[in-house]
Amino acid sequence: MSKYWKPGSERPRTVLVDDEEGGVLFVSTPASSSGFGYLSLERQRQRLPVYKYRTAILYLVENHATTIIVGETGSGKTTQIPQYLKEAGWAEGGRVIACTQPRRLAVQSVASRVAEEMGVKLGEEVGYTIRFEDQTKPNVTKIKFLTDGVLLREMMDDPLLIKYSVIMVDEAHERSLSTDMLLGLLKKVQRRRPQLRIIISSATIDAKSMATFFHIRRRNIGQATEDPAPSELPATLSVEGKGYNVEIHYVEEPVSDYLQAAVDTVMSIHDKEPPGDILVFLTGQDDIDAAVQLLTEDAQNNGLLVLPLYSGLSRADQDLIFSPTPKGKRKVVISTNIAETSLTLEGIVYVVDSGFSKQRFYNPIADIENLVVAPISKASARQRAGRAGRVRPGKCFRLYTEEYFVKEMPAEGIPEMQRSSLVSCVVQLKALGIDNILGFDWLASPSPEAMIRALEVLYSLGILDEDAKLTSPTGFQVAEIPLDPMISKMILSADTFGCSEEIITIAAVLSVQSIWVSVRGAQREFDEVKLRFAAAEGDHVTYLNVYKGFIHSGKSSQWCYKNYINYQAMKKVVDIREQLGRLLRRLGIVLKSCERDTQVLRKAILAGFFAHACCLEEFSPNGMYKTIKSSREVYIHPSSVLFRVNPKWVVYHSLVSTDKHYMRNVIAIDPSWLIEAAPHFYQLRKPNPAPY
DNA sequence: GAGCACTGC
């Protein structure tokens, strides 16, 4: 292996302390690394790297409006800082300390850990809020963990976030859509509420741009406040992590086939390295299944237990990953990016990093989201490597050269804000009274094309008016519904068509990944089972049949298993459906059923998705459609019940672009409904006119 | 004949 691999010289664990005012300096000590099993909770807390910075953090938060904390995983910042703040009195007088996370699971686990450390019952002094679940008590909860999406929603009722004294935005380096929106809005809130403290916690050293962003010049400090306002210069503090050292190895020459290189590397680790499980990062299901097959063939009875991991797997298959490795075996998990942040595997000692992941990119001109294999960033590469150092010192094998890493790999990924459609963002900002979207203070500004496209789409849906203001009531109601605006529009229209009962089921199904389980081996059987639910009208109506079956079965997981249906997804459908029902009631909409009339149902769908209408090309041998809007070539996705049925006129929910543009979730329509649904969009159209 | 990952009153 020494011939092939070149040890790297990356020094990830430098500690940097940088108070912009130059007054404070902290020097770190090397990370300690011992098991905590026998220590009391209090002693464990004191052993965390962040503990040394307790006084410093409290000092900075006291004196600065914004504090940026750079800390690696395992520093303890997420669980400790909210407690320090509470101990220092930031939760007194009915005020609440908030800590946001990008993911639900993180919210729950961090909250329960903190409650345990404080010796209180979860949901009282320490609580959490995620969608569908509010574990907080008014006037009792002092520390509240929540997803950043929930905090954004809270702003619709409480734009200045009055009840919070400190808001800590954790994992800000991930730069999710809602984190970026939240940070932009928090900056605005801070102008109006100088006493609000913001803590931004990030795992990467790119704190400078955050600091520059939050360096606000307050304009109107007219009214005298009782406390002196904190410095508007953000402070930056760095805390080291608790991970073990991970030795980085690079290939000497670039590899041409990362799949084969990954397989070879696994075999080589298995041959030459001491015991320890291996985690391999590839890009998608195809790659992963291929690698699993190669390794399983290669590895017959040689002691490798090879397991795939991606979100499309059923829960049972995902859980295999967590089962203990049998004696004398070495576990190899071949995973997508899911293992980079969302799932943590214990016992990994070796990581193989292909250097790629699938990433979503949005083309605002074509209004299409693409999924492409793209190189990862240095930040991701470090995160992946860190997965090898959770239990003991590990090794990371990067399938790219050190020169590439140093010179070519981008430091950070492109923020999601610059890779997505802005339709939802715009509605949320408008609802918060931000009228000038182009002039909004973005952390990373989206392209003007994307913003203009979003405004156009929303205007065509009747959600925004000519002045780009939310329409009343439609626009404001759409903003209340936590779904894609096109789906929200569809839901609201269902009221007129008398089919809201059915439409909210469809909306819920369209809002989850997929209700089918992934079955590669039993494809034929799967297709046959699917036919039991299939409706001639298309996928949306098929989903109604599945939902009915699920409810009829008493929401049985067995029933799901037998029918190749994802039980977790169906439970989520039920949750979303209930939420939508409550929401509509609040908007004064009474749920009505259209019984068997699928025509009104499809008209309601069209009210949201008229822009996605397509017509089958005449004499097309391979089922080619063209979009009415822009004559784009599209095909029905093979997972659709209308695949090979090819009705003349269809409307799709979304496009998946791989080698072709595939329409996912397709329904057959009558073209006359189009003019009815959107006269402004489809007027006087003779062959292939383009509205834009 | 095909499927990155999260998330939301």
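So that the names make sense, note that chain A is the first sequence line, chain B the second, and so on, each numbered from 1.
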Item to check | Partner set under salt bridge (Lys or Arg N to Asp or Glu O under 4.0 Å) for R577(A), not counting sequence neighbours | outcome: E501(A)

Checklist entry - How close or far is atom P of dT7(B) from atom CG of D148(A), stated in whole angstroms? => result 11 Å

Checklist entry - Please give, in whole Å, the distance from dT7(B) P to Q101(A) CD? => result 12 Å

Checklist entry - Is there a donor N/O on one and an acceptor N/O on the other, under 3.5 Å, for the side chain of D527(A) and the base of dG1(B)? => result yes

Next on the checklist: Looking at R586(A) and E480(A), is there a salt bridge between them, counting it only when a charged N and a carboxylate O are closer than 4.0 Å?
Outcome noted: yes

Checklist entry - Does the cation-pi check pass for R664(A) over Y652(A), that is, NZ or CZ under 6.0 Å from the six-membered ring centre and within 45° of its axis? => result no

Next on the checklist: Heavy atoms from C-beta onward define the side chain here; which of dG1(B), dG8(B), dA5(B) lies closest to that of P482(A)?
Outcome noted: dG8(B)

Item to check | Protein-nucleotide distance (Q383(A), atom CD; dA5(B), atom P), rounded to Å | outcome: 16 Å

Next on the checklist: Could you tell me how far apart Y652(A) (OH) and dA2(B) (P) are, to the nearest whole angstrom?
Outcome noted: 19 Å

Checklist outcome for this item: L583(A) atom CG is separated from dC9(B) atom C1', nearest whole Å, by 6 Å

Checklist entry - Quick one: K358(A) NZ to dA2(B) P, roughly how many Å, whole number? => result 12 Å

Item to check | Value in whole Å for how far the P atom of dG3(B) lies from CG of D317(A) | outcome: 20 Å

Checklist outcome for this item: Sorted by chain and number, sequence neighbours left out, side chain to side chain donor-acceptor pair (under 3.5 Å) with T341(A) holds for none

Checklist entry - Taking the side chain of S342(A) as its heavy atoms from C-beta onward, which of dC4(B), dC6(B), dG8(B) lies nearest to it? => result dC6(B)

Checklist outcome for this item: Of S311(A) and V150(A), the one whose nearest nucleotide on DNA chain B sits closer to the 5' end is S311(A)

Item to check | E578(A) CD - dC9(B) P separation (whole Å) | outcome: 15 Å

Checklist entry - If you find the nucleotide of DNA chain B closest to Q428(A) and the one closest to T283(A), which residue's nucleotide is nearer the 5' end? => result T283(A)

Checklist outcome for this item: R103(A) has its side chain closest, among dC6(B), dG3(B), dG8(B), to dC6(B)

